[in-house]
Every structure is written in C-alpha cells, then in structure tokens.
Amino acid sequence: MRHSHGPGDQAAMDRYDAAKIEPKWQQAWDSAGCFAAKADPSRPKYYVLEMFPYPSGNLHIGHVRNYAMGDVVARYKLATGHAVLHPMGWDAFGLPAENAAIERGVHPGDWTYANIDAMKSQFARLGLTLDWSREFATCDPEYYGQQQSMFLDFLEKGLVYRKNAVVNWDPVDMTVLANEQVEDGKGWRSGATVERRELTQWFFRISDYAEDLLAALDRLDDWPEKVKSMQRNWIGKSRGLQFAFGLDGGPDGHDRIEVYTTRPDTLMGASFVGISPDHPLARALEADNADLAAFSAECRRMGTAEEELEKAEKRGFDSGLSVRHPFDTARTLPVYVANFILMDYGTGAIFGCPAHDARDLEFARKYDLPVVSVFEPSSGTHTAPEEGGAAYVPPKTEAVRYIRGFAGTEHQTGEAAIDAAIDFCEGNGVGLGVTKFRLRDWGLSRQRYWGCPIPVVHCDGCGVVAEKKENLPIELPRDVEFDRSGNPLDRHPTWRDVPCPSCGQPARRETDTMDTFVDSSWYYARFTSPGATTPTDPDESAYWMNVDQYIGGVEHAILHLLYSRFFARAMHICGHLPAKAIEPFDALFTQGMVTHEIYQTRDAQGRVVYHFPHEVTDKKLADGTPVGVIPSAKMSKSKRNVVDPVEIIDRFGADTARWFVLSDSPPERDVEWTDAGAEAAAKHLARVYRIALAARDAEQAGTGDADLRCETHKAIHDVTVGIESFGFNAAIARLYAFANTLSKSRAGRSAQIEAARTLAQLMSPMTPHLSEEIWQMLGGEGLIALAPWPRADPALLIEDEITMAVQVNGKRRDEITVARDLPKDQVETLALGSEAVRRSLDGKAPKKVIVVPGRIVNVVV
RNA sequence: GCCCAGGUGGCGGAAUGGUAGACGCGCUGGCUUCAGGUGCCAGUGGCCGCAAGGCCGUGGAGGUUCGAGUCCUCUCCUGGGCACCA
C-alpha cells in the first residue's frame, strides 16, 4: 500500500516511488515517439548497438548491464543533438528451440515467439531508448528471406562453395552434433559414440580474406587491443617452407609427400614424417592394411573439437614406408600415420624434429626415433634433448648457435635462420616459401530444422541449382515432428519435393539450414532499413552505417565479430553495403559480467547443495544452518547465484537497477551484484529526490549561490567527460559527490533549482525516469530526454584559490592555500614560511625548491 | 608453453609522474522519526600517542626522479584468451 498523492498528475510525490513514476514516463516517451530513429541531415547521426539477445524468455541481469550501457550512450547522444539509431531485435534461430520441441512438444516457432513476447515486456520495464519500430527476429521469413537472397548473390560471386568436411555424427540420433554436444566422445543425448563423418557442406570463403581481415585490424583504433589480438591469433598468419620428401615404395601415384613447416631451419634434425589419418596417402594405404584401417578408424572416432584432440595421447602407426631427406638422400625417415596431425592445416603432413618440438619429442621417445639437435644456446649450458633434456624451443627472436644449420651464419636468431633456410631451399629447388593462415573457411551447413534454409535445389540432371529469387523466401514448413531422430526437414513428406529451377524436372530441396552465426553477421545492416524488399536500402545504409558504438560481451570477440567483418565485405561486393561499411563497427566496447557470490551447504551424503541468495541471511539458512560462501562468479542457474532483473525492478525500480550495474565497477570489468549495493543505490535515488524537493522548497535568498554554480559546472564537466570515455562508474561517483554538495548548500532557491535540474539531467542517461520526474517538478521544459545536454562554462571551472601540498624531500608536511596565479617565488616564500615546513627542515638550508604551479611545492635539502 | 589483463583499506573501487585511498558498501559514535525498506551529522588504512604530531603503507626486490600506485628491470600471485597449428 503506497501512500496517497496530491490531486492530479502534476502534483509531485512527497517521496520517491519508482513503481509510480516509471510506467508513467515510459508511456510519455512512447507517445512522444522520441526514440524512433529519423534521418536528419541537419544533425550528425549516431548508431549505437548492443549485441542482440537470444530469446531465451528471460532477461538476465547481464543483459541489464549491457543495455544500460548502450542506453547511457544513446541518451547522451540524443541530448547532444545527434540523430540516434538504437534498435533491438532477436537472434532467434538455434538449438534451444529444437530442444524445447523435443522435450516439451512445443513447436520451435511458437516457443520462440512466446519467448520474444515475454522478454519484450521485460525490456519495456527498463525504460530504454529503443526504436521498436525496427524490431525483427532472425526467424522472421522477411529477414531470413533476404539472407537467402544474399546467399544467392554470394554464390554468384563465388563467395560460397561446397566441399566435403568432417562432422561429429551421432549414429543413434542420426544427426550432426555441435562440438559442445559431444561429451567424452559421446553424443550428449543418445550417449552413442560419436563418429567423424564426411559430408558435403557449404562454406564461405572467409579464408580468402584472411590477409585483409588481419591487416584491417590495425585501423580499428576504437576496438579493444585484447579483441584485436585474439582475432590476430585466430587468423594465425605464418610464413614457412613447403616442400616434398621423395617417397620410396609408396602406392601408385604417391611418390612424394608434401609438407609445410614454419621451422625449415630444423630440417637437419628431422627424424620422421607424420601424416594425418585423412591424408590421401594414409587412405590409400588403408585399403590393404587392416591394422592401419583400424587405427585410422579409431582416430576418426575422436571428436573434431580441438580440445579433444589435445587431450588425446599422441599415437602413431608406422606405415612401413620411408622418405629420403632432401639434403642427404642417403638418409631415410620413417613415415607414421599420427593422430595429432590435422588434414585441414598445412598439407596434412609434417616432418618431426624431436629436439626442438615438445610434441615431436614425446612421439620420438615413444617410438624410439632418433633425436638430433640442430642448435643449442649461444651461451650457458643445457641438457641436450638427445641426453634426456627437454625439447629446446627458444623464442624465434633469440640468437642461438647452429650446430646443424645449413643456411646463414652459425650464431643467429631463429627468425634469421628461417629466412635463410627458405632462401637456401628455394635456391636449391627444394620447396617454396609460403604464407599460410590458420583461419579456415566457415562451414555454414547445419543439419537442423530451426535455421535459415539454404536456397538451393539438387537436380539429378542439373546438379546443384540456385533457387530463383522470386521464389524466396524459402520458408520452413510448419508441420514438422520432433519425435524421431534426424533432421525433420529431411523426412518431411512434401517440403523437399520441388521442380528444378533450371530444367523443371522433379528435384530435391536442400535440407540443410544455415549456421546461426550467419543470421547475426548482418543484422546490424538490416536495422538501417528493416522493411526493405532488398537486404538493405542503399540510402539508409549509406546514412546510418557504420555502427558508431557496438557493445557486447567479450565472448563474441572472435567468431561473431570476425564473421561480421567478413560478411560486411561480402555484402559490399554484392552491392548491399557501401565501401565505408566493410568494417561495420567503428568502435567496440566489451563489457564485463555481473557476478554474484555462491552459497552452498552439504547434504547428508556430503554432496554440495546450492542455495538462492534469498534463502540466505547472515550466512545462514532459515533453519540456522551455516552456509559456505564462495567468491563471486558468473551467474549460473545450476549454482543458483542468479538475480532476476524483474524481481529487482519490482523491488527497487528500473532506475535503481540501471544505476547499480553501472556504478560499482569500471564497465569493462565484472561487477559483483550485492543486495547491499542495490539497496544503497535505491536509497541514494530516494535521497536525490528529497534533495530536489528541498531545492524546490528552499528559501528565496540564501548564501553561496555563486559557489553552487561553480560546483554545478564542475560536475557538468566531469560527468560529461566520464560518459564520453565510458567511465560510467566515475561519472556516477561524481554524481554522488555533486548530490552531497547540493544537499549541503544553503544557496537561494533559484540557484538550488538550477543545480537540482542539472543534477537530474546529468543523471538522466542512467536514471531516466527519476530525472524526468525531477525535471517536471522543477519546471523543466518538455521532456528531459529531449532537453539539450548542459554545457560547462569554462570560466566557472577555474578556481580563484587553490590548495597546494608542500613537501620536504618528497614527504608531505603541510598545505597552503594561494591565489591561482600567485607567482612562483611568492609561493616558494609562503611554503618556506610554513610552521610545519620549518620544523621538518630542522634548521637545515633548503638546497632547492620545486614549485609546480597549481600542484605542489617540494623543498629539497 | 605463448599472448593479454590485473594485484591499492574489512569490501567494490578512485588517482594527466605531483596531498594515495575520490565515490559507494560496511563499521563506530551521536541526533532524529507517525521505526512503514528511516533520515541527518561526525568519524573510519595500519602502528605509536591524551593530544599536537610522528613512523609505516599501493604483491615482492632493485632502479630512474626533487617527487613513483603510475616509468624501467627482475620476480611472485590471480583472472582471461589461445594452442597437438607443423
């Protein structure tokens, strides 16, 4: 039961009541339509975007932080006269919907759209400046139809192609599994041993752009270094030597093995050659070697996840073949099929140099192969690997002494030796220096229902035929069943049957759908013209692109952001984005998580039991059982350390939630959610409201009007700098300080009202509802959301008097207050005259006095 | 192993090479209130001291500087990312 109010909406509350004011102002913004993005040539444009959410049905507190940050930026840019685009949509395709269908019998579409409705109403309570008129979900046929149309454009430009690739195949569920669905080599649902199976799949030619995607990172000045370096590593550019070993006694057509090495300088230490089980030679040998076939089959049973390969023991199978060393043809090296060599990287074959590679050494010791050092430290001693030491792998930049080098000088760095070795080899007709990238092409085929259908048709006569654009969108059929294993599209009675777009004969529709990363690789562009009948509208994308500020979690540092960068390039090639948009995100900010303590007890069997925060008071359960407290960690349902934003908003209001998630930590770092902190935030907002009431009711005349004005302008300056530099926590700290100043001020009414209105404005990006309420109460014109941002008067920022610390030998002894522009020598005299300074000097004569104007005086003896 | 961030009060965290600990939480004391998620005032790094004041203090060890949390060298610890990548 809330207390009563004065009559009518215009009367101010006597107490801050979030539940009362928040819906009111949300409605006011809504009916003023102030957040609908409108192109306006008279203003600079600003596109702020937060990574759109997966519609799980529940907003979590991490979302609140993410969107609160974007909203601060959006509101600030709005107030500083920008035409702001701040859209929101849904990353709505993907596995959870299919899982829900399997587990609960709901249709993935119904489940998804119901979740979107639920989440949208949760969003509404946050009071964000979102332009909902541009909303779309990636599972809307209008959206994915345009995606299909772009797929066809990409196909025409050669940006998509088909090739065979290995997938995780669950033989019981008859389905392809994502890496995360494979646990210990078993399918997560069926428990069946997962096989590696080769399927023909669609790929984007992202690797053709590896060099460009790498080089362009250097120009992304407003991206975090961390993200750029993660992308650099992922792209993985390397320079090395590719050459062939002559093979003796191989099967027909196999008289050489191509290898790639980044360490050609270690060639004289080579003691074996390893090839991937998927290498053509291994496949040829398998045919009449049952043991090898069994070994390879076992290797293939491992998942395709790299971590999994990593954990596996390094094993090899001696093929019985051998190759000749290129520089010493009398020497032969055995050829092993090895489980740790990937067909996808380099040539699928390596030479092993056990002395200078830990993995090769492990392998050599296991199979009793020679270990031959090529170089040793330039100085000092070390235990050579041949004498039981570890593999010697110094940084490539370190100079070492080559004992079996064949190019360059005796003492040189690895880098120099590699270059010399490549030159030498090329000069002697042994191989070629080549640059390779770790980045592989992006496989987009998914053997699933709830994704964007790939718009091609398989015709017995014409092969793979692109669908006609006028037939788009190729919509997913609604009548599907999830009660059996496999892809529902595959066994749909009619959906697959279509005439060939080319010859008209009966043909089959492709039943694979697209990876959901495709959906999220261009949504930012679609927001510029969500209703267009082409993927984008040239005028709109020319006006709104690029995204000026993109905000999201660092977990998307690599894939989503790299794919989007590729996609923007591809869209440009097909005429869907202007050249300036090939790097679609001008500035990127990666925000930290919201964490929470974890509470646990143990049951009778000693198993850990987790407890919700609301069950715990003073580190005890209701029945008095003491609770173990584990330091803050990422919120997770299983750990029960989650806070529900809806509950928080019910209890404190959206402004409090927004204020708190921004206040306690720098935005790029994690913030710990604490109940005490949230309560403190709520109390502070209530206090700000009281301060505003007090300003309204202040005496007409008071003292310190000028001082309060100066303080107000200093606050404007500091808060503005804080917001512009993403120092939201610093801006909020400054707002606390300013509120304290105002509450203590004895200034007259008009000065106080001006200060309180400014306080409300400066807070409005974080606490928009409260700010509107105060603005209205204090007679502000129109909506605060549309009011121009206050400007600090530089003249008011300058202090007449300043306090300077006085040090003796670098230790603070006193402080003096002097006129701002007092000449140095007079400052010096004042400092030396200080009682405390004289005491510290203890009669000694100062050797030197350093005066830093406006800052400090240091007396040196 | 490699690459990034970070180590500052009881806690979250501030500090263009210039008064370390802003601001908040917590805590202590006082006042206030129809005790309605109270409000206000004061204090709060450690040690010594009644106080004035002094000494110590930003993971550790050195260094540069009139002056170092900040710069340099070495080192320890924590968090994150990457990796059978040839």
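Throughout, protein chains are lettered first and strands after them, A, B, ... in sequence-line order, and every chain is numbered starting at 1. Source: prediction; values computed, not measured.
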**Request:** Using both distances under 3.5 Å as the test, list the Watson-Crick or G-U wobble partner of B:C85, or none.
**Result:** none
**Nucleotide nearest A:Glu679 (side chain, heavy atoms from C-beta), chosen from B:U19, B:A83, B:G37** = B:G37
**Item:** B:G62 - base-pair partner by Watson-Crick or wobble geometry, distances under 3.5 Å
**Value:** B:C72
**Item:** Nearest-angstrom distance, C1' atom, B:G69 to B:A15
**Value:** 9 Å
**Prompt:** Paired with B:G6: which nucleotide, if any, by Watson-Crick or G-U wobble criteria at under 3.5 Å for both distances?
**Reply:** B:C77
**Request:** Please give the nucleotide sitting opposite B:G26 as a Watson-Crick or G-U wobble pair, both distances under 3.5 Å, or none.
**Result:** B:U44
**Request:** Kindly say whether the aromatic ring centers of A:Phe317 and A:Tyr336 come within a distance under 6.0 Å.
**Result:** no
**Prompt:** Does any nucleotide pair with B:G67 by Watson-Crick or G-U wobble geometry, both distances under 3.5 Å, and what is it?
**Reply:** none
**Request:** Go ahead and name the base partner of B:G57; Watson-Crick or wobble counts if both distances stay under 3.5 Å, otherwise write none.
**Result:** none
**Request:** Sort out for me which residue in A:Trp659, A:Phe660, A:Phe738 forms a ring-ring contact (aromatic ring centres under 6.0 Å, His included) with A:His684.
**Result:** A:Trp659
**Message:** A:Val64 vs A:Met69, test: side-chain contact (heavy atoms from CB on, under 4.5 Å). Steps then yes/no.
**Reply:** CA-CA 8 Å; A:Val64 174; A:Met69 285 179 195; over 6 Å; no
**Message:** Strictly by Watson-Crick or wobble contacts shorter than 3.5 Å, is anything paired with B:C31, and which nucleotide is it?
**Reply:** B:G39
